[in-house]
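Comments concern the structure below.
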Amino acid sequence: MKDHVRSNWQQAVLVCRKCSKKLDGGFGPDGGERLAKALRRHLSLKKGRKAAAGIVEVNCLGVCPKGAVTVVNGAQARDWLLVRPGADLDELAQALGLAPDALSQPA
Ligand code: FES
């Protein structure tokens with residue numbers, strides 16, 4: 001059995017699933033999508049480890065903000081973001097180092 005697998009991820013972003021559930025959408029063009037899905041779609045990311053970046057829903061991160069979603073950028077793990085519904089996804093992607101030009105650069 002292999003002891004590791006390669007991925008194309010240049011970045012890993014953790015999005016709190018429970019915050020996302022509590023907001024029941026709030027993101028994307030119609031405001032009806034969960035943050036992780038809206039961000040993946042906004043950046044046209046492929047699925048799983050073939051994607052240029054991983055945006056992964058995880059269990060409660062213990063911050064539990066009211067009316068926002070806790071997001072951790074794996075590369076800047078000391079600074080967590082609390083993202084409010086309707087947030088500009090371009091700005092968020094930029095803040096997370098997920099800007100499309102950054103993702104298209106070779107690893
Ligand atoms: S519910 Fe999201 S951090 Fe706890």
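Atoms within each ligand, like the ligands themselves, are counted from 1 in listed order.
For the side chain to side chain donor-acceptor pair (under 3.5 Å) condition, the pairs that include at least one residue of residues 71-95, sequence neighbours left out, are His42-Asp90. For residues 47-60, the side chain to side chain donor-acceptor pair (under 3.5 Å) pairs, not counting sequence neighbours, are Arg17-Asn59, Arg34-Glu57.
Taken together through direct or relayed side-chain contacts under 4.5 Å among Ile, Leu, Val, Met, Phe, Trp and Tyr, Val15 and Leu92 form part of one hydrophobic cluster.
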* Dump the intermediate steps for side-chain contact (heavy atoms from CB on, under 4.5 Å) on Leu98 and Ile55, then the final yes or no. => CA-CA 10 Å; Leu98 292 172; Ile55 297 175; 4.1 Å; yes

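For the side chain to side chain contact (heavy atoms under 4.5 Å, CB included) test, residues two or more places apart in sequence or in another chain that qualify with Leu23 are Phe27, Val69, Pro85.
Remark: Lys18 NZ is loosely packed, at most 12 non-hydrogen atoms of other residues, nucleotides or ligands lying under 6.0 Å away.
For a distance threshold of 2.8 Å, the protein N, O or S atoms nearer than that to atom 2 (Fe) of ligand 1, listed by chain and number, are Cys16 SG, Cys19 SG.
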